[in-house]
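Dumping the structure here so I can ask a few things about it.
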Number of protein chains: 2
Amino acid sequence: MAEPQWLNEDELRAWYAFVAAGALMNRRLDQQLKEDVGITHLQYEILVRLDAAKDRELRMSELAGALLNSKSGLTYQITQLEKAGLVARRSCASDVRAVYAGLTDAGRSMLERAAPGHVALVRELLIDVLTPGQLATVADGLGEVTRRMQESEAPR
Amino acid sequence: MAEPQWLNEDELRAWYAFVAAGALMNRRLDQQLKEDVGITHLQYEILVRLDAAKDRELRMSELAGALLNSKSGLTYQITQLEKAGLVARRSCASDVRAVYAGLTDAGRSMLERAAPGHVALVRELLIDVLTPGQLATVADGLGEVTRRMQESEAPR
DNA sequence: CCATCGAGGTTCAAATTTGAACCTGCCGGT
DNA sequence: ACCGGCAGGTTCAAATTTGAACCTCGATGG
């Protein structure tokens with residue numbers, strides 16, 4: 001069998017830059033959102049998806065698909081958000097099993113308060129650091145990376 | 001005050017590609033390493049750093065700096081790795097407070113077993129999906145992003 | 001119509017992560 | 001030599017995450 005194909009120096013640089021940037025970015029965003037408005041990055045993302053959805057609501061499974069965590073994790077987070085009054089569960093008429101999570105007015109207002117600071121930080125930490133060309137490359141390259149991973153997703 | 005500067009379409013694409021790729025990648029690597037050799041990606045990274053270090057050992061604080069998690073998180077992981085016999089703690093002669101974590105022979109052997117599959121997956125999911133040019137851009141761009149975040153690290 | 005399979009969510013226990021104390025012991029200033 | 005501050009790690013409780021088991025239905029093929 002062939003020797004494993006180790007990463008050369010450039011590949012290693014790219015790999016570590018990718019991993020480190022992701023981790024640091026997440027930490028920063030979490031921190032800022034927490035001290036700014038008291039929610040985590042994950043919760044913020046949930047609110048964003050709901051806000052963007054038709055009627056500002058989505059089924060749990062749709063949310064779980066868009067986000068990247070497990071079903072039970074989503075159940076937990078939605079419960080938290082519901083306790084905080086930012087989201088409300090509603091059962092589905094046509095399918096008794098299904099559950100919709102909908103953004104409440106408080107949730108919408110939270111989003112409005114959180115978004116400016118969040119976006120500004122994303123801009124400061126990522127967008128503004130890259131040239132437009134680099135940004136496009138990242139979008140294309142990592143977009144393709146993402147697409148492939150989603151396709152080959154081991155169906156759990 | 002100025003309207004918050006929202007992200008345009010390209011910026012949004014880049015941002016989401018970046019976030020999604022990071023999350024999916026981590027999930028995949030964790031899965032593979034776990035079912036392959038029974039360690040997490042984080043633990044793998046710890047072993048790698050130790051292996052690369054002089055005398056195959058590092059102080060806890062050095063490790064914590066290289067990795068991206070909290071001090072207590074590292075204590076926990078090192079304890080786990082020590083239970084598994086992959087790492088050994090050793091106290092420092094010159095500074096009683098300091099603790100060294102060193103790779104054991106079992107740890108080295110684990111790394112040798114884990115690395116080929118891990119590297120192959122990184123290659124398959126990221127490296128081989130990008131063109132050399134894209135790879136270089138990612139290394140440069142995200143490298144700079146990482147550097148800036150580390151510099152401006154709010155000293156905790 | 002009936003048995004099954006599988007989808008949609010939740011629950012539960014176990015593993016992990018985090019942040020805030022908390023100990024010790026190094027160090028600089030007085 | 002003595003004190004206050006801080007660096008290096010650990011501990012502890014609380015929050016989160018994960019995966020497996022479970023429950024309830026909807027859809028499908030006989």
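In what follows, every chain begins at residue 1, and chains take the letters A, B, ... in the order their sequences are listed.
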Whole Å only: how far is the CD1 atom of A:I78 from the C1' atom of D:dT17?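 Taking atom C1' of D:dT17 as the reference, CD1 of A:I78 is at 15 Å.
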Quiz item: What integer distance in Å separates A:L67:CG from D:dT18:P?
Solution: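 Atom CG in A:L67 sits about 12 Å away from atom P in D:dT18.
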* Is there side-chain contact between B:I46 and B:L67, with heavy atoms separated by less than 4.5 Å? ->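 Yes. Closest side-chain heavy atoms under 4.5 Å.
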For the residue pair B:Q77 / B:Q43, report whether a side-chain donor-acceptor contact shorter than 3.5 Å exists.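 Yes, because at least one side-chain N or O of B:Q43 sits under 3.5 Å from a partner of the opposite role on B:Q77.
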For B:H41 and C:dT17, what is the distance between atoms NE2 and P respectively, to the nearest whole Å?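 The distance from NE2 of B:H41 to P of C:dT17 comes to 13 Å, rounded to the nearest Å.
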**OP:** Please tell me if the side chains of A:Y100 and A:R89 come closer than 4.5 Å, counting only heavy atoms from C-beta onward.
**Re:**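 No, every pair of side-chain atoms sits at 4.5 Å or beyond.
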- prompt: To the nearest angstrom, how far is A:N26 atom CG from C:dT17 atom C1'?
  reply: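 Value for this atom pair: 13 Å.
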Notebook entry, point to check: Which value, rounded to the nearest 0.5 Å, describes the distance between B:L111 atom CG and B:R108 atom CZ?
Noted result: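 Reported value, rounded in 0.5 Å steps: 9.5 Å.
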Protein heavy-atom contacts under 4.0 Å, written 5' to 3' over nucleotides 9-16 of chain D as B (base), S (sugar-phosphate only) or - (none), form the string BBB---SS
Please check if the side chain of B:D30 supplies one atom and the backbone of B:T40 the other of a donor-acceptor pair under 3.5 Å.
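Pair absent, no side-chain N/O of B:D30 close to backbone of B:T40.
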*Answer whether the closest heavy-atom distance between the side chains of A:K83 and A:Q80 falls below 4.5 Å.*
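They are in side-chain contact.
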Nearest nucleotide by nearest heavy atom, which residue falls closer to the 5' end of DNA chain D, A:S94 or A:G73?
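The residue whose closest nucleotide sits nearer the 5' end is A:G73.
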